[in-house]
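Inspection log for the structure reproduced underneath, given as structure tokens.
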There are 2 protein chains.
Amino acid sequence: MSYTEDAQTRLRRAGLRLTTPRIVIYEYLLSHRTHPTCDQIYNGIRESNPGISLASVYNVTEKLADEKLLIKIVAPDGERHYDSITEFHGHFFCLACKKIFDLNCTPDLKMEELKGAKTTDILLSARGYCPECVRKGHAD
Amino acid sequence: MSYTEDAQTRLRRAGLRLTTPRIVIYEYLLSHRTHPTCDQIYNGIRESNPGISLASVYNVTEKLADEKLLIKIVAPDGERHYDSITEFHGHFFCLACKKIFDLNCTPDLKMEELKGAKTTDILLSARGYCPECVRKGHAD
DNA sequence: ATGTTAGTTTAGAATTATTACAAATTACCC
DNA sequence: GGGTAATTTGTAATAATTCTAAACTAACAT
């Protein structure tokens with residue numbers, strides 16, 4: 001019977017101090033699987049927590065990513081997004097509706113040329129038009 | 001007997017006007033497989049072509065990428081790099097020496113969840129420590 | 001409970017990368 | 001060679017992220 005831990009439990013287990021910005025931002029990311037940017041997180045928590053600064057969103061997300069509680073994903077256009085699902089998966093970025101979709105794929109790097117390298121993380125991003133946007137004729 | 005076309009031929013074939021910035025920048029990218037950023041290209045051509053502006057490097061690389069003469073690759077830290085090899089391949093970014101290595105892999109997106117989507121391009125980036133840096137003890 | 005302290009947050013300034021703009025220039029077609 | 005639309009240039013503007021120093025606070029020890 002598995003039980004999804006809440007933000008506070010996860011933070012505590014990672015040995016992090018429980019501060020309001022960390023709890024609020026992490027809870028936001030755990031409950032919104034939209035892969036938001038720092039700015040989007042900031043705007044998403046603003047009404048309920050006007051005291052949390054944008055700088056803290058940057059600080060907290062970076063810290064949580066360092067501690068592997070989040071992953072940072074970089075879109076093909078360079079925007080940085082955060083995701084609370086830390087197991088490897090790819091992402092599909094729709095050029096029309098701008099939504100980001102998870103891809104349940106496993107990467108095969110074929111690193112024969114780089115024998116002996118030590119890989120820390122992998123980013124797999126595809127870009128294009130999602131099925132709904134294709135249907136609506138938004139693909140070109 | 002295949003013969004690698006020069007920058008001018010490729011530009012002409014793509015229907016682009018032959019301008020000095022385009023020729024110089026494209027030649028630079030064809031002969032330097034270091035995956036440079038716009039700023040690195042600008043500094044690389046500066047001595048020989050002091051008249052070419054940084055704005056032109058941005059304009060030209062974007063235009064050539066639109067015309068599929070180059071690909072734009074986004075590093076896991078968000079930096080934008082350009083590569084004159086346009087066939088799909090992945091990249092490995094060494095965290096220690098900052099070099100970028102090509103990976104001859106093919107992606108397998110497993111897009112069952114996104115049946116009907118139209119994919120325009122794929123970015124596969126791994127991060128870690130290259131064999132030489134591992135050997136030198138730069139990995140952590 | 002209270003004090004101490006190191007870690008964290010805040011607001012704003014600074015930095016950096018990229019884009020926008022308008023004037024000057026230039027490649028290409030005739 | 002001349003006309004014209006595309007391109008380049010230099011600079012200004014924008015946007016995203018990082019830096020900084022002062023204020024605050026969670027966690028621990030008392």
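First the proteins, then the strands, lettered A, B, ... as listed; each starts at 1.
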[X] [atom1] to [N] [atom2], straight-line distance once rounded to whole Å:
{"X": "B:Glu79", "N": "C:dT15", "atom1": "CD", "atom2": "P", "value": "19 Å"}
{"X": "A:Asn59", "N": "D:dA21", "atom1": "CG", "atom2": "P", "value": "15 Å"}
{"X": "A:Asp77", "N": "C:dT19", "atom1": "CG", "atom2": "C1'", "value": "14 Å"}
{"X": "A:Arg12", "N": "C:dG7", "atom1": "CZ", "atom2": "P", "value": "19 Å"}
{"X": "B:Lys72", "N": "C:dT18", "atom1": "NZ", "atom2": "C1'", "value": "10 Å"}
{"X": "B:Tyr58", "N": "D:dG10", "atom1": "OH", "atom2": "P", "value": "16 Å"}
{"X": "B:Ile45", "N": "D:dT8", "atom1": "CD1", "atom2": "P", "value": "11 Å"}
{"X": "B:Gln40", "N": "C:dA17", "atom1": "CD", "atom2": "C1'", "value": "13 Å"}

Do [X] and [Y] sit in the same hydrophobic cluster, where Ile, Leu, Val, Met, Phe, Trp and Tyr count as joined when their side-chain heavy atoms come under 4.5 Å apart?
{"X": "B:Val74", "Y": "B:Leu124", "value": "no"}
{"X": "B:Tyr28", "Y": "B:Ile85", "value": "no"}
{"X": "A:Ile25", "Y": "A:Leu16", "value": "yes"}

Note to self: Which residues in residues 18-39 of chain B have a heavy atom closer than 4.0 Å to any atom of DNA chain C?
What the structure shows: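 Only B:Leu18 qualify.
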Checklist line | Within residues 61-68 of chain B, residues whose heavy atoms come under 4.0 Å of DNA chain C | finding: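 When residues 61-68 of chain B is checked for heavy atoms under 4.0 Å from DNA chain C, there are no hits whatsoever.
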Note to self: I'd like to know if the side chain of B:Arg80 and the backbone of B:Thr37 have a donor-acceptor N/O pair within less than 3.5 Å.
What the structure shows: no
Item checked: B:Arg127/B:Asp77 ion pair, N-O < 4.0 Å -> no
Next item on the list: Identify, with sequence neighbours excluded, every residue that meets ring-ring contact (aromatic ring centres under 6.0 Å, His included) alongside A:His91.
Entry: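 Result, ring-ring contact (aromatic ring centres under 6.0 Å, His included) vs A:His91: A:His35, A:His89.
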Notebook entry, point to check: B:His138: what forms a ring-ring contact (aromatic ring centres under 6.0 Å, His included) with it, not counting sequence neighbours?
Noted result: none
Check: Which atom names give the shortest non-hydrogen contact between A:Leu103 and A:Ala126, and what distance separates them?
Finding: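 Smallest heavy-atom distance, with atoms named: CD1-CB, 4.5 Å.
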Report all side-chain donor-acceptor pairs from residues 60-68 of chain A shorter than 3.5 Å, counting only partners two or more places apart or in another chain.
from: A:Thr61; atom 1: OG1; to: A:Val57; atom 2: O; distance (Å): 2.6
from: A:Thr61; atom 1: OG1; to: A:Tyr58; atom 2: O; distance (Å): 3.2

So which protein nitrogen or oxygen atoms get under 3.5 Å of nucleotides 23-25 of chain D's nitrogens or oxygens?
none

Margin query: Do A:Tyr82 and A:Cys38 make a side-chain contact, defined as non-hydrogen atoms from C-beta onward lying under 4.5 Å apart?
Written below: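 The answer is yes; the side chains approach within 4.5 Å.
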Checklist line | Test log, rule salt bridge (charged side-chain N to carboxylate O under 4.0 Å, His left out), inputs B:Lys72 and B:Asp83 | finding: CA-CA 7 Å; B:Lys72 189 200 292 197; B:Asp83 191 345; over 6 Å; no
Check: When you check the phosphate oxygens OP1 and OP2 of C:dT18, does a side-chain N or O of B:Arg80 lie under 4.0 Å from one of them?
Finding: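 Indeed, a polar side-chain atom of B:Arg80 lies that close.
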Item checked: Toward the 5' end of DNA chain C, by each residue's nearest nucleotide, B:Gly78 or A:Leu54 ->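 On the 5' side of the pair lies A:Leu54.
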